[in-house]
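Have a look at the structure below, then the notes.
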Amino acid sequence: MAVQLSAGSIAAINNGEKPEDVILQVIAVRKFPTGDRCRLLVSDGVHRCGFAIMATQLNPMINSGEVAQHAVIKVTKYFCNQVSEKKKMMIILGLEVLLTAEDVGGEIGNPTTYESGTSNAPAGAPAAASNHSITRPSPVANVQRSAPGNAPAADGGGMMPQAPDGFPNVRPIQTLTPYQNKWSICARVTQKSNIRTWSNSRGEGKLFSMELLDQSGEIRATAFNAECDKFYDMIEPNKVYYICSATLKTANKQFTSVKNDYEMTFNSGTQVVRCTEEKSIPAMQFDFVTIDQLENAQKDTIVDLIGLCRDASEVATIVQRSTGKELRKREISIVDHTNRAVSLTLWAEQAEKFDGTGNPVIAVKGAKVSDFGGVSLSLLGSSTLQVNPDISEAHQLKGWWEQAGCNSSDIINLSNQRGGAGNAVGANAVFKTLLEAKKEGLGSRDQPDYYNAKAIVTLVRKENILYQACPNDGCNKKVMDLNNGMYRCEKCCKELDRFNWRLMLSCNVADFTENHWVTVFQDQAELMLGSTAQELGTLRDENPDMFQSIIAGASFKEYNFRLRVKMETYNDESRLKTMVMSAAPVNPVDLNRRLIKEIRELSA
DNA sequence: CCCCCCCC
């Protein structure tokens with residue numbers, strides 16, 4: 001066998017040595033009853049020992065079956081925790097699989113169970129590891145020896161920065177658990193929230209939270225009330241800090257995408273000191289998806305994304321339905337080399353400060369996927385936005401844009417600006433048949449329901465499709481013709497000498513299950529009739545035949561509709577009203593794209 | 001001790 005187990009390394013590690021690149025055989029994999037941590041029973045050919053814990057970010061290797069019983073692994077990065085006086089834990093932060101379970105097919109050698117306190121490797125086994133710890137003295141380890149009160153063996157092979165005075169030894173974030181309290185970390189703040197207040201039955205207060213990153217992993221930390229005041233100003237995003245003495249508790253995965261079983265709460269004893277020797281601490285880590293991958297992303301997924309800002313809207317004010325609060329937002333359209341564009345909504349300060357001039361590269365961490373308009377993205381309080389980050393992906397995108405992207409005529413927008421079913425790309429768009437919508441009772445609650453449906457226009461009611469509307473900006477209320485060349489708007493309380501024609505169609509739409517009457521306003525109606533309201537207003541009197549034929553011509557076309565259903569009460573009578581939010585013609589190009597995709601999936 | 005993250 002070409003691969004040799006690191007005989008004696010289990011004893012060496014338990015004796016406080018730190019051999020590098022330890023080659024071990026996996027004897028068993030055990031899942032912890034809580035969380036998703038895994039423990040390995042490993043063998044070095046001499047001893048077997050269940051002291052190895054896998055960092056959770058390595059779990060994919062277990063789930064994929066790479067790390068399985070009998071596989072031979074090389075542990076490239078690890079860290080030791082002293083659990084009790086005689087007991088150590090080896091936390092595996094990095095490993096390579098040298099031989100798969102099939103390659104090996106059984107247990108190598110005849111190892112005996114390692115008993116803590118056993119002196120060295122038995123005679124005959126090479127002391128594979130001991131040289132390393134002699135040739136690579138660790139400054140942190142030296143500090144430990146001179147400070148016997150501290151927990152020993154906390155350096156992870158001499159890679160950890162030196163803690164400042166009064167701080168316990170620096171540990172990798174991945175090794176923190178609620179069961180030890182003598183630790184420091186040296187971590188970069190990759191995300192910092194605003195201060196938020198809360199008030200509920202359990203009380204009220206304020207807090208801010210942050211995400212901390214080092215070489216081993218990440219953790220979320222929260223500072224409440226007094227600690228919120230104490231640390232909010234000093235903690236700056238992207239800077240590196242030593243942190244010690246905070247409370248650890250199990251993270252509720254429901255509320256966070258941070259990859260750690262635990263999270264940190266600052267307490268009155270928590271200390272934070274800026275670290276300026278920060279080179280070894282990684283910067284923010286992105287896990288970018290390309291925009292074409294969003295077509296198949298589930299709604300509410302959290303994603304990292306990088307692309308060029310091809311367009312940005314002005315800041316708009318909207319009213320939050322639940323609270324009546326005014327919110328400010330800005331929509332920006334992001335493109336990447338997959339020739340796809342997606343809309344990203346920025347909120348509040350981020351919306352106001354954003355400057356899209358010059359097509360900057362936008363890197364976003366932790367944006368939420370929404371099914372609005374097909375697929376779109378929204379920033380959350382926990383998201384981070386970087387403009388023109390100095391990373392290779394950004395430079396590549398800039399190059400793509402200048403060479404090809406800016407001239408590309410075939411960029412497909414996954415988010416329809418009209419806010420509707422769009423091109424109906426995106427498996428997440430909720431499509432229903434008209435019968436399903438009816439059976440599910442959509443629109444029968446207080447709030448409107450929205451859904452997408454593919455349907456054919458069967459009939460457009462000819463009567464009253466046009467009305468004379470107030471031309472004042474954003475008013476569009478029906479005006480009263482005073483028959484003296486003047487038109488009165490009751491909303492604006494003004495008499496004006498002109499009006500705009502506006503459309504309000506009543507259409508019957510049908511799919512193979514059911515038909516509904518729907519109302520279609522201006523923009524969508526113009527699209528469906530292929531004429532502007534102004535043209536139609538003129539034609540109605542000047543060329544009634546053509547007017548009629550335009551209306552007739554709107555029938556028997558197929559659309560992906562975005563529909564809004566709401567119960568409306570008029571004269572004590574309640575009935576469901578369906579309104580067309582958007583209508584995207586089902587065009588052959590999109591059909592072909594979807595067919596090709598479906599065929600690929602079927603043949604895969 | 002929060003855990004909301006909006007609107008079309």
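On a predicted model such as this, the values are computed, not experimentally measured, just so you know. First the proteins, then the strands, lettered A, B, ... as listed; each starts at 1.
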Next item on the list: If a protein heavy atom is under 4.0 Å from the base, mark B; if only from the sugar-phosphate, S; if neither, -; do that for nucleotides 1-7 of chain B going 5' to 3'.
Entry: BBBBBBB

Item checked: Sequence-distant partners of A/T222, side-chain contact (heavy atoms from CB on, under 4.5 Å), two or more places apart -> A/L207, A/S209, A/R220, A/F224

Next item on the list: Would you mind listing every side chain to side chain donor-acceptor pair (under 3.5 Å) that reaches into residues 188-200 of chain A, with sequence neighbours excluded?
Entry: A/R188-A/E278

Next item on the list: For A/E331, enumerate each residue passing the side-chain contact (heavy atoms from CB on, under 4.5 Å) test, keeping only those at least two apart in sequence or located in another chain.
Entry: A/S313, A/K329, A/S343, A/T345

Next item on the list: Please identify each residue that fulfils side chain to side chain donor-acceptor pair (under 3.5 Å) with A/T519, with sequence neighbours left out.
Entry: none

Next item on the list: For A/N515, check side chain to side chain donor-acceptor pair (under 3.5 Å) against everything at least two apart and list the hits.
Entry: A/N508

